[in-house]
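Quick caveat: nothing in here was measured; it's all calculated off a predicted structure. Heavy-atom basis, side chains included; hydrogens, waters and symmetry copies ignored. Whatever order the structure lists ligands and atoms in, that order sets their numbers, starting from 1.
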Amino acid sequence: MESTRNRLIKLLNQEDNYISGQQLSDHLNISRTAVWKHMKELEKDGYEVEAVQRKGYRIIASPDKTSENTIHWGLSTSWIGHQLHHYEEVDSTQDIVHQLAKQGKPHGTVVVADEQIKGKGRMSRPWHSPKGKGIWMSILLRPELSPVQAPQITLLAATVLAKVITSQSQLIPFIKWPNDILINHKKVSGILTEMQAEHDQIQYVAIGIGINLNQSAEEIPVDIRHKASSLRAESKEEWNITSTIQEILKQFESTYDQYAAEGFNYVKEIWETYGYKIGEKVTISTMRRTWEATLVGIEPDGALIARDSEGKREKLYSAEIQWGEGGYDAK
Ligand code: BTN
């Protein structure tokens with residue numbers, strides 16, 4: 001059940017103009033005194049509420065901190081993030097989203113944390129998630145897909161992040177297959193997809209998104225500084241966590257809806273325009289041989305397609321690519 005506070009924020013959010021105490025009390029089914037008390041609570045949260053006699057209430061500024069309220073305020077989505085859980089500190093937002101999924105929470109539920117103590121990366125690696133320096137977020141999806149199609153959702157998420165970075169800055173993001181976001185050859189963001197499936201049907205997918213947002217170059221751990229960075233270090237500008245989360249959720253929803261309507265080709269085309277080294281030569285090593293290949297694109301099962309010097313195409317599933325030049329050469 002959504003809290004009265006969240007419903008209040010949504011109502012105030014729908015109105016460009018003032019909304020009267022009576023209208024709020026009718027919509028929320030609470031007394032006008034209760035409306036007034038909620039307004040006072042919002043002010044304590046850091047909102048600036050303007051109250052004008054005979055006109056009503058209007059929010060004129062929201063606080064500079066991330067909370068369920070501040071994310072909801074200004075979030076213009078239809079289904080994503082309506083159920084939103086914000087924590088100051090968690091082990092991992094993935095753990096929380098799995099619990100929520102098992103409790104039956106709906107498609108589009110979002111978990112955000114200021115800090116993760118045991119942030120998880122792909123291949124059981126730790127994910128450094130310092131307090132207030134990045135976006136540590138998990139999205140619960142309940143797609144009507146078979147498990148083999150799950151990689152499509154991860155590829156989709158990567159295109160969303162690339163689009164948001166492009167629209168919010170002058171930076172040029174690339175997606176290093178399958179789903180790392182690179183700026184100037186350094187990783188600034190990663191995606192971890194975990195899935196629960198039964199009888200050839202996905203029960204739910206937990207999409208974990210980590211973005212290094214506001215670490216200075218010196219705050220990136222020394223051992224990975226040659227291959228990792230943050231949006232701030234690359235753009236030389238501070239990023240607003242709340243509005244970037246809102247932008248990601250908005251873009252995620254529209255991309256997902258379009259993918260649901262048009263199918264994987266929609267994602268594939270966008271992914272390939274951002275694809276790192278697509279159309280370029282890389283060295284690929286397998287157990288059997290090492291060969292030079294040109295990267296061509298991606299397949300619906302998430303595989304990367306490479307073409308050898310004789311024009312023969314091969315599908316790649318595991319990380320056996322030497323990406324070559326630049327700071328980022330990790331698998
Ligand atoms: C990667 O290895 O590139 C994936 C990193 C994914 C990190 C995010 S942060 C939010 C979510 N919670 C986690 O514990 N991991 C993911």
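Against a heavy-atom cut-off of under 4.0 Å, Ser92 is close to the following atoms of ligand 1: 12 (N), 13 (C), 14 (O). Interface of Gly119 with ligand 1, defined as ligand atoms under 4.0 Å from a residue heavy atom, comprises 14 (O). Atoms of ligand 1 found under 4.0 Å from any heavy atom of Asp180, numbered from 1 in the order shown, are 3 (O). Residue Ile191 approaches ligand 1 through these ligand atoms, each under 4.0 Å from one of its heavy atoms: 3 (O), 4 (C). Residue Gly208 approaches ligand 1 through these ligand atoms, each under 4.0 Å from one of its heavy atoms: 8 (C), 11 (C), 16 (C). For ligand 1, the atoms lying closer than 4.0 Å to a non-hydrogen atom of Lys187 are 1 (C), 2 (O), 3 (O).
Between Ser138 and Thr93, the shortest heavy-atom contact is OG-OG1, 2.7 Å. Across all their heavy atoms, Lys250 and Ser76 have their closest contact at CD-OG, 3.5 Å.
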Could you go through Glu234 and Lys186, starting from their C-alpha distance and side-chain angles, then the distance that decides it, and tell me whether this counts as salt bridge (charged side-chain N to carboxylate O under 4.0 Å, His left out)?
CA-CA 9 Å; Glu234 297 306 312; Lys186 291 188 177 186; 5.2 Å; no

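Not a single heavy atom of Met123 lies less than 4.0 angstrom from ligand 1.
Note: His72 and His82 have perpendicular aromatic rings, judged against thresholds of 30 and 60 degrees for the angle between ring planes.
Polar contact check, Arg122 against ligand 1: a nitrogen or oxygen pair lies under 3.5 Å apart. Looking at Lys118 next to ligand 1, no N or O pair under 3.5 Å apart turns up. Considering backbone and side-chain N/O of Thr93, one or more are found under 3.5 Å from N/O of ligand 1.
Between Phe264 and Trp271, a ring centre-to-centre spacing not shorter than 6.0 Å is recorded. For an aromatic pair to be called close, the ring centres must be under 6.0 Å apart, and Tyr256 with His107 satisfies this. In this structure, Tyr204 has its ring center under 6.0 Å from that of His98.
Paired with Tyr274 under the rule side chain to side chain contact (heavy atoms under 4.5 Å, CB included), one option of Ile172, Ile175, Leu182 passes, and it is Ile175.
At a heavy-atom distance under 4.0 Å, no atom of Asp95 approaches ligand 1. Contacts between Arg125 and ligand 1, counted as non-hydrogen atom pairs separated by less than 4.0 Å, are absent for every part of the residue. Contacts with ligand 1 closer than 4.0 Å are made by no heavy atom of Asn179, backbone or side chain.
Protein heavy atom at the shortest distance from atom 6 (C) of ligand 1 is Lys120 O, 3.6 Å. Counting protein heavy atoms only, atom 9 (S) of ligand 1 is closest to Gln116 NE2, 3.3 Å. Remark: minimum distance from atom 5 (C) of ligand 1 to any protein heavy atom is reached at Trp127 CE3, 3.4 Å.
Annotation: side chain of Ile321 is in contact with side chain of Trp177 (closest heavy-atom distance under 4.5 Å). Within the 4.5 Å cutoff, the side chain of Thr154 has no heavy atoms near those of the Gln152 side chain.
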